[in-house]
A.B. asks: 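The structure that follows is given in the form of structure tokens.
Sequence lines set the chain letters: A, B, ... in the order given, protein chains first and strands last, and positions in each chain run from 1.
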Protein chains: 2
Amino acid sequence: MSGTDHRRGVLPEDHPQGPAIILVEPQLGMNIGTSARAMLNCGLTDLRIVNPRDGWPSEKAMQACSGALLVIENAQLFDTVEDAIADLNYVIATTARDRDMIKTVFKPEAAAAEIHKRNPGGQQNCGIMFGPERSGLDNNAISLCNAMLHVPLNPGFSSLNLAQAVLLVSHAWYAQLVEDVPPVELVSGETVPAKSRDVEHLMRHLEDELEASGFFASKEMQPTTMRNIRNMFGRMDITEQEVRTFHGIISTLSGRKTWKSSRD
Amino acid sequence: MSGTDHRRGVLPEDHPQGPAIILVEPQLGMNIGTSARAMLNCGLTDLRIVNPRDGWPSEKAMQACSGALLVIENAQLFDTVEDAIADLNYVIATTARDRDMIKTVFKPEAAAAEIHKRNPGGQQNCGIMFGPERSGLDNNAISLCNAMLHVPLNPGFSSLNLAQAVLLVSHAWYAQLVEDVPPVELVSGETVPAKSRDVEHLMRHLEDELEASGFFASKEMQPTTMRNIRNMFGRMDITEQEVRTFHGIISTLSGRKTWKSSRD
């Protein structure tokens, strides 16, 4: 389908900031390019790439993006998922399989509605995370997110190309943007969820103190236990004030007033 | 995203017949293959191809379909749009541009709802038509359809890959299938719209008689005039009984009781 109006800019001036798209360890540069195209089709421009298999920048991504250079050239590269989402307030993990995690599972439309609700006037930075083409997101990456997203597909043939997944999810956001969006709840100041980096910092504080106090029955089980804890906090939509409060709780309980992460 | 459940068949036994996907003069075999994959992702299997530029069958389509052989191997090839939709009762034309035609223009979700409404238990055969990658559907093809479909996209960057367009539209159908679909109006017997071939037959009857009676001011304007007439009938959702009635009207008015199309 053609029809781009070349007289207009790539995005209207009053275009709102949509969610970041985070591609974790994408394998093919071509898929990064076609994902960038799908994003710009839907008015999204914030592409973040974690540890792409074939390196970055990518000639193949440039070729496959069909002119979505605005997205490719401004893409940010990260070494870890944690870094990629550090400044985001709310992140949704896409997954094709059922995961043994207690998190909200959205369909694309519900995920889009949640993001629109959280980001009127740029209040909360949101993101949607996609895993490697072959395997999808691992449980550790998912545990860093606040909710999950599952695209309903024919269970007998559900393998979706990465860019196709990006398109379906991005388009759900765009379709609601251009609809007469129902009034959204405006949330203010203190009730904004904390940024991911602050929640992660809190988790490290907690883990250090739990470890120091012999909380974990075995070293092997520690990651699983922490993942479950992260999931709980993710569902909580913890605010900045609450993060500070929790640091205080941990410090008080552990008896160590000052804490410096052993993992930084 | 992965997650195909290989233990199950490609489609569940009670899977309903979804709309046909009609690709008119697709240019690239690869795009036919990726469209087939997108269809099967969404439980659609009826692929119809009109006059593909690079011929059929296509090795590139086979390679690009990622295992959606059920769709590729059963795809039907046609020489004309008319033939491809002859047995369909209701066809929606996808278009990226505004057309100077008086037809309903659906968004994907509304188009999907219309198809679900028309096809409970396979009552009406429906189809969704896509044009060539570069140019989209021409006005003649659109005039053979009952309604139009426009995917809302960033107007500054709205060029969508063919398979991406097929996916968005197919997925709107699938998403409503797996939702708790609201009760649909069951329509019965005589109120089913006529099949496309019967409507087209009527149009030819009408055009022959109009031509014979000097209706068209000029030969040049004849196609445009007929297109407008087809659009009117397309919006009408004419039933089989009404088609018969109209043939009778034309015959009566023209004074020729027997008519054999000069175009067959």
Side-chain angles (χ1 to χ4, degrees), chain A residues 1-12 15 34 37-45 66-68 70-71 94-98 107-109 130-137 150-165 167-168 170-172 174-175 177-179, chain B residues 1-12 15 34 37-45 66-68 70-71 94-98 107-109 130-137 150-165 167-168 170-172 174-175 177-179:
Chain A
M1 296 167 81
S2 59
T4 295
D5 183 348
H6 292 289
R7 291 163 304 183
R8 300 177 61 163
V10 174
L11 284 174
H15 188 76
T34 50
R37 178 184 184 179
M39 286 174 62
L40 196 54
N41 281 150
C42 302
L44 300 183
T45 55
S66 297
L70 174 68
V71 178
T94 59
T95 168
R97 286 170 287 151
D98 285 336
K107 291 183 185 176
E109 293 71 28
F130 297 80
E133 290 89 333
R134 195 163 292 274
S135 56
L137 289 170
H150 176 71
V151 179
L153 291 168
N154 173 9
F157 191 80
S158 64
S159 169
L160 200 60
N161 169 274
L162 178 59
Q164 303 273 55
L167 177 72
L168 282 179
S170 301
H171 193 262
Y174 187 76
L177 177 70
V178 294
E179 265 177 17
Chain B
M1 296 167 78
S2 60
T4 295
D5 184 349
H6 292 289
R7 293 164 302 184
R8 299 178 62 163
V10 174
L11 285 173
H15 188 76
T34 49
R37 177 183 183 179
M39 286 174 62
L40 196 54
N41 280 150
C42 302
L44 299 183
T45 54
S66 298
L70 174 68
V71 177
T94 59
T95 169
R97 286 170 287 152
D98 285 337
K107 291 184 185 176
E109 294 70 29
F130 297 80
E133 290 90 333
R134 194 163 292 275
S135 56
L137 288 170
H150 175 72
V151 180
L153 290 169
N154 173 10
F157 192 80
S158 64
S159 169
L160 200 60
N161 170 275
L162 179 59
Q164 303 274 56
L167 177 71
L168 282 179
S170 300
H171 192 262
Y174 187 76
L177 177 69
V178 294
E179 266 176 16

A.B. asks: Find the distance between CG (B:L153) and CG (A:L40) and round it off to the nearest 0.5 Å.
C.D. replies: 10.5 Å
A.B. asks: With a 4.5 Å cut-off on side-chain heavy atoms, are A:K107 and B:E179 touching?
C.D. replies: yes
A.B. asks: Looking only at heavy atoms, what is the nearest atom pair of B:H171 and A:L168, with distance?
C.D. replies: CB-CD2, 3.7 Å
A.B. asks: Write down the atom of B:G43, the atom of A:N154, and the distance for their closest heavy-atom approach.
C.D. replies: N-CB, 3.8 Å
A.B. asks: Name the residue from B:V71, B:N41, B:L11 that meets the side-chain contact (heavy atoms from CB on, under 4.5 Å) definition with A:F157.
C.D. replies: B:N41
A.B. asks: Closest heavy-atom contact between B:Y174 and A:P155?
C.D. replies: OH-CD, 3.4 Å
A.B. asks: Which residues pass the side-chain contact (heavy atoms from CB on, under 4.5 Å) test with B:A163, sequence neighbours left out?
C.D. replies: A:Q164, B:T34, B:S35, B:N161
